[in-house]
Q: 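What follows is a structure written as structure tokens; I'll ask about it next.
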Amino acid sequence: MKWDHVIENGEIVTEEAIYQANIYIKAGKIASISADKLDGEAKEITDAKGLYILPGLIDTHVHSRDGGATYKEDFYHSTQAAAAGGITTLFEMPNTNPPINNAENFNKQVENLKKKAHVDFGLWGICLGDLNINELQDLNELGVIGFKYFWGYAVNKNTYGLIYNYVKGMKDVIPPSNDGEVYQMMEEVAKTGKTFAIHAENSDLINYLTTKVKKKGKSDYETILASRPNLAEELTIQTGIAMAKKTGLRLHILHVSTAEGVDLIKRAQEEGYPITAETCPHYLFLTNEDYDKIGPAMKVYPLVKYKKDQDRLWEGIKEGTLSFVCSDHAPHTPEEKEGDLWNVPAGMCGVETLAPLMLNAVSDKKITFQKLVSLLSTNPAKQFGVYPQKGALQVGSDADLTIVDMNKQAIIKKEKLHSKSKVTAYDGVQIKGMPVMTIVRGTIVMKDGQIYAEPIGSLITPK
Ligand SMILES: [Zn+2]
């Protein structure tokens, strides 16, 4: 048998072009790409006539809650959701319990996740200031994809869990790092050459405004927005960029939500600094005006802002200031997501709806098909040092393919999501253009919405 799997008659989409060709897979790798039919028998043949073949899509920002709050979500479910949504690789965030703060916990997490992984995965390492400043080089050598710093968040003294609504004087809590400590973390990560990714919201400002605004006794969306305004993101991005310039750091701004943020990042890029940024579907497809219809399901941090921000984010994508789009998948149970908006936790499902929403944007002509491949596959693979193993349709690359049907219409239904907790802001949203097959290293893991394979995913590390 010459080939393990042949994908025939599909239209290949890369960053540069769309063209018809057959893909020949052997031992999990792309062995040949040819417009002509090649000789040799195949164990498996997929006819992709009328379908588009994309390099496997990557979601760089996923919180699967595993270990830790596995009653909300776990890696078995989140990677099924990923496969169902056309994602072949995801990068798991490190704010788990235990967090990915040292070599021991990194190794434990790999053992924990690989039994449950339906798609390939990379691991982020966490920066906890003085608590693990001496562990970062070990994490680098083990192959973290990058380092995440939750700027402005306090840490529980015992579990090292993050405190999302820190108030001065809390017991058993290590307060947020000061700017000197942040600078030291940046110096340390700069030595690794890897990405230092920040949650950018200024907690001092948020604390002050929260106290002030709460006195009004209201808990509508506009009031919450007044407590976490655009200025909170602007301040931290500004400080982050200023510090990164001095350290040579590859600074990455996570989930950018404001026009001010995009402008600051653009300026730093124009000056030649290696500053990158991402945004998420909720900032691209929702605004504050959607709250009346959707309710607390759409509460995320940073909060979804205004129409002018949404417009600037799309512009940022077009001009290249924002180099990828990811889900910030962060499920909570439906019960947790109901009630007073001040108390509802931030986050919702996203890994399964990321690609459908972006494919729908292609159908709506908001972005080109090639641009989608850049945003969801090639750019993230390059950013995190896994290109061309991932993010490419080339001979020698992993045979990770996302096959999509641009004529297929679907309605997102929360009860159909594969995640454990089924909370989404997109319940009832009509989509044109759906992933119909997800292939990880030659193996079909999803076909027509059904999960096929057992967990075959494995850890990937930067080269
Ligand atoms: Zn996140």
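Every heavy atom of this structure was used, including side-chain atoms; hydrogens, water molecules and symmetry mates were not. All values derive from a computational prediction rather than experimental measurement.
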Q: Between Ile451, Thr88, Ile456, which is the residue that forms a side-chain contact (heavy atoms from CB on, under 4.5 Å) with His118?
A: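 The single option meeting the side-chain contact (heavy atoms from CB on, under 4.5 Å) with His118 is Ile451.
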Q: Using a cut-off of 6.0 Å, state whether more than 12 heavy atoms not belonging to Glu270 lie near its atom CD.
A: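 For Glu270, atom CD is crowded (more than 12 foreign heavy atoms under 6.0 Å).
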Q: Regarding Gln394 and Tyr387, do their side chains bring together a donor and an acceptor under 3.5 Å, going by distance alone?
A: yes
Q: Between Thr70 (side chain) and Gly67 (backbone), is there a donor-acceptor pair under 3.5 Å?
A: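 It does not hold such a pair.
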Q: Counting only N and O atoms by type, is there a donor-acceptor contact under 3.5 Å from the side chain of Thr461 to the main-chain atoms of Gly143?
A: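 Side chain of Thr461 to backbone of Gly143: no pair is present.
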Q: What's the shortest heavy-atom distance between Leu90 and Val62, and which atoms?
A: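 Distance-wise, the nearest heavy atoms are CB-CG2, 4.0 Å.
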Q: Can you check whether Tyr166 reaches Ser203 side chain to side chain, under 4.5 Å on heavy atoms?
A: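 No, every pair of side-chain atoms sits at 4.5 Å or beyond.
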Q: Backbone N or O of His418 within a donor-acceptor pair of the Glu352 side chain at under 3.5 Å?
A: yes
Q: Could you give me the CA-CA distance, side-chain angles and deciding distance for Thr353 and Leu417, then say whether side-chain contact (heavy atoms from CB on, under 4.5 Å) is met?
A: CA-CA 9 Å; Thr353 47; Leu417 294 178; 4.3 Å; yes
Q: Ring centroids only, cut at 6.0 angstrom: are Phe121 and Phe91 within range, meaning strictly under it?
A: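 No.
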Q: Within the side chain of Thr279, is there an N or O that forms a donor-acceptor pair under 3.5 Å with the backbone of Val256?
A: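 Checking the backbone N and O of Val256 against the side chain of Thr279, a donor-acceptor pair under 3.5 Å is found.
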Q: Are His61 and His255 near enough that their ring centres are under 6.0 Å apart?
A: yes
Q: For salt bridge (Lys or Arg N to Asp or Glu O under 4.0 Å), just list the numbers for Lys245 and Glu271, CA-CA rounded to whole Å, side-chain angles, deciding distance to a tenth of an Å, and then say yes or no.
A: CA-CA 10 Å; Lys245 284 179 177 178; Glu271 290 169 13; 2.8 Å; yes
Q: Mind listing the closest non-hydrogen atom pair of Leu354 and Ile87 along with its distance?
A: CD2-CD1, 4.0 Å
Q: Which of these passes side-chain contact (heavy atoms from CB on, under 4.5 Å) with Asn156: Asn97, Val173, Leu162, Ile163?
A: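 With Asn156 as partner, side-chain contact (heavy atoms from CB on, under 4.5 Å) holds for just one option, Ile163.
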Q: Start with the C-alpha distance between Ser323 and Gln383, add both sets of side-chain angles, then the distance that settles side chain to side chain donor-acceptor pair (under 3.5 Å), and finish with yes or no.
A: CA-CA 9 Å; Ser323 48; Gln383 168 89 25; 4.6 Å; no
Q: Might you confirm whether atom CD of Gln137 has over 12 heavy atoms from other residues, nucleotides or ligands at distances under 6.0 Å?
A: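 Yes.
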Q: Take Val445 and Tyr452, measure what side-chain contact (heavy atoms from CB on, under 4.5 Å) needs, and give me the verdict at the end.
A: CA-CA 5 Å; Val445 296; Tyr452 268 64; 5.8 Å; no
Q: So, does Asp309 use its side chain to make a donor-acceptor pair with the main chain of Ala259 at under 3.5 Å?
A: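 Indeed, once roles are kept as given, a pair shorter than 3.5 Å links the two residues.
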Q: Using the benzene-type ring in the case of Trp, are the ring centres of Phe106 and Trp124 under 6.0 Å apart?
A: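 Distance test on ring centres: not under 6.0 Å, no.
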Q: Is the backbone of Val189 close enough, under 3.5 Å, to the side chain of Thr192 for a donor and an acceptor to pair up by distance?
A: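 Pair found, side chain donor or acceptor close to backbone of Val189.
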Q: I'd like to know if the side chain of Thr258 and the backbone of Gly261 have a donor-acceptor N/O pair within less than 3.5 Å.
A: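 Yes, the answer is positive, given that a donor and an acceptor are paired below the 3.5 Å cut-off.
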Q: If the threshold is 4.0 Å, N to carboxylate O, is there a salt bridge linking Arg228 and Glu201?
A: yes
Q: I want to check something: taking the side chain as every heavy atom from C-beta on, are Met434 and Val404 in contact at a cut-off of under 4.5 Å?
A: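 The answer is no; the side chains never approach within 4.5 Å.
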Q: Go through Arg312 and Asp263 one step at a time and tell me if the salt bridge (Lys or Arg N to Asp or Glu O under 4.0 Å) criterion holds.
A: CA-CA 9 Å; Arg312 185 68 188 90; Asp263 289 338; 2.8 Å; yes
Q: Under a 3.5 Å distance rule, please check whether Gln269 uses its side chain to pair with a backbone N or O of Ile275 as donor and acceptor.
A: yes
Q: Establish, yes or no, whether a centroid distance under 6.0 Å links the rings of Trp314 and Tyr283.
A: no
Q: Report yes if the side chains of Pro356 and Pro435 come closer than 4.5 Å at any heavy-atom pair, otherwise no.
A: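 A side-chain contact exists here, since the closest heavy-atom pair is under 4.5 Å.
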Q: Considering all heavy atoms of both residues, which atom of Ser377 and which atom of Gly56 are nearest to each other, and what is their separation?
A: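 Distance-wise, the nearest heavy atoms are OG-O, 2.9 Å.
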Q: Would the number of heavy atoms belonging to other residues, nucleotides or ligands and lying under 6.0 Å from NZ of Lys463 be above 12?
A: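 Above 12, so yes.
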Q: Take Asn112 and Asp66 through the test side chain to side chain donor-acceptor pair (under 3.5 Å) and record every step on the way to the result.
A: CA-CA 8 Å; Asn112 171 37; Asp66 195 338; 3.1 Å; yes
Q: Before we go on, tell me: are the rings of Phe384 and Phe324 under 6.0 Å apart, centre to centre?
A: yes
Q: If you look at every heavy atom in Met358 and Ile367, which pair is closest and at what distance?
A: CE-CD1, 3.9 Å
Q: Does the side-chain contact (heavy atoms from CB on, under 4.5 Å) test come out yes or no for Lys337 and Lys299, once each step is laid out?
A: CA-CA 8 Å; Lys337 286 296 278 188; Lys299 183 180 175 188; 4.0 Å; yes
Q: For the residue pair Ala277 and Ile265, what are the closest heavy atoms and their distance?
A: CB-CD1, 3.7 Å
Q: Does a side chain donor of either Thr223 or Lys218 reach within less than 3.5 Å of an acceptor in the other side chain?
A: no
Q: Closer than 3.5 angstrom, by distance alone: can the side chain of Asn101 be matched with the main-chain N or O of Asn132 as a donor-acceptor pair?
A: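 Checked: no pair found.
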Q: Can you tell me how the ring of Tyr149 sits relative to the ring of Trp151, calling it parallel under 30°, perpendicular over 60° and tilted otherwise?
A: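 Rings of Tyr149 and Trp151: tilted, 30 to 60°.
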Q: Salt-bridge test for Glu104 and Lys108: reply yes if a basic N is under 4.0 Å from a carboxylate O, no otherwise.
A: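 Yes, charged N to carboxylate O under 4.0 Å.
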Q: Check this for me: does any side-chain nitrogen of one of Asp74 and Arg65 sit under 4.0 Å from a carboxylate oxygen of the other?
A: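 Looking at Asp74 and Arg65, the cut-off is not met.
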Q: Which atom pair, heavy atoms only, marks the closest approach of Ala425 to Met298?
A: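 Between these two residues, the closest heavy atoms are CB-CB, 4.0 Å.
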Q: Please answer whether the main-chain N or O of Leu393 pairs with a side-chain N or O of Ser397 as donor and acceptor at a distance below 3.5 Å.
A: no
Q: Just checking Lys308: does its NZ atom have more than 12 heavy atoms from other residues, nucleotides or ligands closer to it than 6.0 angstrom?
A: yes
Q: Any chance you could lay out the salt bridge (Lys or Arg N to Asp or Glu O under 4.0 Å) test for Glu15 and Lys382, step after step, and finish with the verdict?
A: CA-CA 13 Å; Glu15 283 188 308; Lys382 285 180 176 168; 3.8 Å; yes
Q: Between His282 and Tyr426 (judged by ring centroids, cut-off 6.0 Å), do the two rings come close enough to count as a pair?
A: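 Judged by ring-centre distance (under 6.0 Å), His282 and Tyr426 do not meet the cut-off.
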Q: Can Glu222 and Tyr291 be said to form a side-chain contact (heavy atoms from CB on, under 4.5 Å), step by step?
A: CA-CA 9 Å; Glu222 292 310 311; Tyr291 184 78; over 6 Å; no
Q: Any side-chain heavy atom of Ile431 sitting closer than 4.5 Å to one from Leu359?
A: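 Sidechains of Leu359 and Ile431: no contact.
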Q: Run the ring-centre check on His252 versus Phe196 and record whether the distance is less than 6.0 Å.
A: no
Q: Are Asp400 and Lys390 close enough for a salt bridge, meaning some N to O gap below 4.0 Å?
A: yes
Q: Are Lys72 and Glu336 ion-paired here, with the side-chain N under 4.0 Å from a carboxylate O?
A: yes
Q: Please determine whether side chain to side chain donor-acceptor pair (under 3.5 Å) holds for the pair Ser374 and Asn379, giving the CA-CA distance in whole Å, both sets of side-chain angles, and the decisive distance to 0.1 Å.
A: CA-CA 5 Å; Ser374 300; Asn379 286 350; 4.8 Å; no
Q: Count the heavy atoms belonging to other residues, nucleotides or ligands that lie under 6.0 Å from NZ of Lys414, then report whether that count exceeds 12.
A: no
Q: Within 45° of the six-membered ring axis of Phe75 and under 6.0 Å from that ring's centre, is NZ or CZ of Lys116 located there?
A: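 Relative to the ring axis of Phe75, which defines the angle, Lys116 lies outside at least one limit.
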Q: If you measure from CG on Asn105 to CD on Glu135, what distance do you get to the nearest 0.5 Å?
A: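 Between Asn105 CG and Glu135 CD, I get 9.0 Å after rounding to 0.5 Å.
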